Protein chains: 2
Amino acid sequence: MVAVRRIRDAEESRRRVWGAAAAAFASRGYDGAKVDEIAADAGINKAMLYYHFADKVTLYRAILQDMFAAVALATTQVRTNGGTPEQQLRGYVGALIRAAEERPHFPAIWLREIADDGRHIDEGIFAAMRSVLANLTGILTDGVQAGVWRQVDPFLVQAGVAAPVMLVLATRRVRQRAGIGTPDGSVDALIDHVTTMTLATLTLTGRSPA
Amino acid sequence: MVAVRRIRDAEESRRRVWGAAAAAFASRGYDGAKVDEIAADAGINKAMLYYHFADKVTLYRAILQDMFAAVALATTQVRTNGGTPEQQLRGYVGALIRAAEERPHFPAIWLREIADDGRHIDEGIFAAMRSVLANLTGILTDGVQAGVWRQVDPFLVQAGVAAPVMLVLATRRVRQRAGIGTPDGSVDALIDHVTTMTLATLTLTGRSPA
DNA sequence: GTCTATAAATAGATAGAC
DNA sequence: GTCTATCTATTTATAGAC
C-alpha cells in the first residue's frame with residue numbers, strides 16, 4: 001500500500017522531470033539547460049533527479065529517443081495502412097506534424113540536435129531516423145512505380161517536408177517579436193503548404209528545371 | 001611604424017577570434033561554446049579576446065549580425081538587378097546558398113538561434129531579417145502581378161526555401177555517420193530541388209490541394 | 001597589445017541522513 | 001524515495017605586470 005503509493009509518486013516525479021527537461025533542452029539546448037533548474041521546475045530536488053536518471057546525457061537521450069521513436073512508429077503505421085501514394089504522403093506529413101504537436105519541444109530539440117551534428121545520438125536513435133526515411137522512401141517508390149511521380153532523392157524530399165515544418169512550429173513566438181508576418185499562422189496552412197509543395201515537386205512531368 | 005604593425009596584428013587577432021568563435025558557436029551553441037577554447041583556437045589568450053570584444057554575447061551578436069546582414073545585402077542586390085520573377089527567385093535562392101557557403105558556420109548557428117527563440121537577436125538583426133523577407137515578398141508580388149504566380153504567404157515560401165537549405169548544409173557530416181543516403185550530395189542538387197519545389201508551388205494553376 | 005594569475009560564480013554529480 | 005550539504009571542476013570575466 002505504502003509501497004504502491006511510493007511507486008506512483010516516483011512515476012509522477014519521473015514524468016515531471018521529463019517535462020521540465022524537455023522544456024529546458026528545447027529552450028536552452030543541452031549545455032544551456034541546467035540540472036538544478038530542471039529539478040526545481042519539476043518540483044523536486046536535484047538529488048532526486050539523479051535518483052531517477054543516471055545523468056544529464058541519459059535524460060537527454062531518453063527524450064530524444066522518445067521523439068524519433070514516435071515519428072518512426074507513426075510513419076510505419078502510415079505505410080501499414082496503405083492507400084494511394086498521395087494518401088500515404090499526406091499521412092506522412094500529418095504523422096510528422098502530429099508527433100511535433102503532441103511534443104511541443106520537439107521542433108526546437110530537433111533543430112538543435114542537427115546543429116549539434118548528432119552529438120548525442122546513439123545507435124537506437126539513428127535506427128529510428130533511418131526507419132522514418134525508409135518509410136518515406138517506400139512511399140516515393142510506390143508513387144514512381146505507379147507512374148504518378150518522378151524519381152527524387154528521398155532525403156531531399158524529407159528535408160523539404162520536415163525542415164519547413166520544424167522551422168514554422170519553432171518560430172511561432174519569435175516571429176511575433178520580430179514583426180515578421182504570419183497572415184495565416186494556423187497549422188492547417190502549414191500542412192497545406194508543405195503538402196502542396198511536395199506533391200507539386202513530385203508530379204512535375206518532363207519539365208526540366210533549367 | 002610599430003603602431004601600424006600593432007594595428008595590423010590586432011586586426012588579425014580579431015579575425016582569428018571571429019573565425020574560432022563562429023566555429024565554436026556553430027558546433028556547440030552559445031552556452032556550449034567556451035571562451036577559453038575560442039581564445040585557444042584563435043591562438044591568443046583569453047584576456048586578449050576580452051580586449052577585442054566586450055564579452056561573450058557581444059561577440060556572438062556581431063557574428064549573427066554579419067550573417068543576416070550579408071543575406072539582406074545579397075537579396076537586395078537581387079531585387080536591384082531585376083529580371084523576371086523566376087530569374088529573381090533563382091537569384092534569391094542562389095544568394096542565400098552563397099551566403100551560407102561563404103560562412104560554413106551559418107547553417108548551424110541559424111538553426112540554433114531559431115531554437116533559442118531569438119534570445120540573442122537585437123533590433124539590428126531583426127531589421128536585417130525583415131529586409132530579407134521584404135525582398136522575397138517583393139519578388140513574389142511581382143510574380144503575382146505579372147500573372148505567372150499564385151499568391152502564397154511569403155513566410156511559408158521563405159520557410160520552404162531556407163529551412164531545407166540550412167538543414168541539408170548542416171547535416172552533411174552526421175548523415176554519413178547515420179548511414180542516411182545522399183545519392184547526390186552536391187550543392188547543385190540542393191539548389192535544383194529547392195528551386196523546383198518553390199517554382200512548382202508558385203506556378204500551380206487552379207488545382208486546389210484538396 | 002599581450003600575457004599570467006586569480007577572483008567569483010556556477011555546474012554536474014555524490015555522500016549520507018531520514 | 002526524498003532531502004540537505006558539499007565536493008570538485010569549470011567558466012566568465014578582470015586585475016595588473018610588461
Side-chain angles (χ1 to χ4, degrees), chain A residues 1-64 109 112 116 119-120 122, chain B residues 1-64 109 112 116 119-120 122:
Chain A
M1 191 55 184
V2 171
V4 170
R5 156 61 62 95
R6 280 207 173 150
I7 287 166
R8 196 179 297 134
D9 289 354
E11 287 288 315
E12 176 63 17
S13 278
R14 261 187 82 95
R15 237 192 311 278
R16 286 222 301 270
V17 170
W18 187 283
F25 288 133
S27 71
R28 302 293 312 240
Y30 180 78
D31 291 296
K34 302 306 171 191
V35 176
D36 292 83
E37 263 182 46
I38 294 172
D41 287 358
I44 62 163
N45 188 276
K46 180 166 54 168
M48 203 55 227
L49 186 151
Y50 280 105
Y51 175 79
H52 286 299
F53 297 92
D55 53 19
K56 190 181 179 181
V57 76
T58 301
L59 173 56
Y60 179 77
R61 282 212 190 94
I63 292 169
L64 212 57
I109 292 180
R112 286 185 195 279
D116 269 342
R119 222 171 75 243
H120 309 95
D122 57 28
Chain B
M1 192 53 186
V2 171
V4 169
R5 155 62 63 96
R6 280 204 173 154
I7 287 167
R8 196 180 297 134
D9 289 354
E11 288 286 317
E12 176 64 16
S13 278
R14 262 188 81 96
R15 237 191 312 278
R16 286 220 301 269
V17 170
W18 188 282
F25 288 133
S27 70
R28 301 296 309 243
Y30 180 78
D31 291 295
K34 303 305 172 191
V35 176
D36 292 84
E37 262 182 50
I38 294 172
D41 287 358
I44 63 163
N45 188 277
K46 179 167 53 167
M48 205 51 226
L49 185 152
Y50 281 104
Y51 175 81
H52 286 299
F53 297 92
D55 52 19
K56 191 181 178 180
V57 76
T58 302
L59 173 57
Y60 179 75
R61 283 213 189 91
I63 292 170
L64 212 56
I109 293 179
R112 286 185 195 279
D116 268 342
R119 220 171 76 243
H120 310 95
D122 58 28

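Order of the sequence lines sets the chain letters (A, B, ...), proteins ahead of strands, with each chain counted from 1. Treat the numbers as computed from the prediction; the structure is a model and nothing was measured. The figures here come from the full heavy-atom set of this structure, side chains too, leaving out hydrogens, waters and symmetry mates.
Between the CD atom of B:Glu12 and the P atom of C:dT2 there is a distance of 10 Å, given to the nearest Å. Distance, A:Ile44 CD1 to D:dT2 P: 8 Å, rounded to whole Å. Between B:Arg28 atom CZ and D:dT11 atom C1' there is a gap of 14 Å when expressed in whole angstrom units. Summarising the geometry, the separation between CG on A:Leu59 and C1' on C:dA13 is reported as 14 Å, rounded to the nearest angstrom. What separates OH of A:Tyr60 from P of C:dA13 is a distance of 15 Å, to the nearest Å. At whole-Å resolution of the value, CG in B:Leu49 and P in D:dT11 are 15 Å apart.
When all heavy atoms of B:Tyr30 and B:Arg119 are compared, the closest pair comes out as CD2-NH2, 4.2 Å. The heavy-atom pair separating B:Phe25 from B:Ala33 by the smallest distance is CD2-CB, 3.5 Å.
Listed by residue number, the members of residues 17-27 of chain B with any heavy atom below 4.0 angstrom from DNA chain C form an empty set.
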Listed pairs under 3.5 Å, donor-acceptor, residues 35-52 of chain B side chains, sequence neighbours left out:
from, atom 1, to, atom 2, distance (Å)
B:Asp36, OD2, B:Lys46, NZ, 3.2
B:Asn45, OD1, B:Ala47, N, 2.8

Using a cut-off of 4.0 Å between protein heavy atoms and nucleotide atoms, how would you tag nucleotides 12-18 of chain D 5' to 3' with B, S and -?
BBBB---
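With sequence neighbours left out, the salt bridge (Lys or Arg N to Asp or Glu O under 4.0 Å) criterion links A:Arg61 to no other residue. Taking the ring-ring contact (aromatic ring centres under 6.0 Å, His included) definition, one finds that A:Phe53 meets it with nothing, sequence neighbours left out. Qualifying salt bridge (Lys or Arg N to Asp or Glu O under 4.0 Å) partners for B:Arg14, counting only residues two or more places apart in sequence or in other chains: none.
Note on ring orientation: taking the six-membered ring where Trp is involved, the planes of A:Tyr60 and A:His120 are perpendicular (angle over 60°, cut-offs 30° and 60°).
Between B:Lys34 and B:Arg28, the closest side-chain pair of non-hydrogen atoms is not below 4.5 Å.
Between B:Ser13 and the phosphate of C:dG1, there is no side-chain N or O to OP1/OP2 separation shorter than 4.0 Å.
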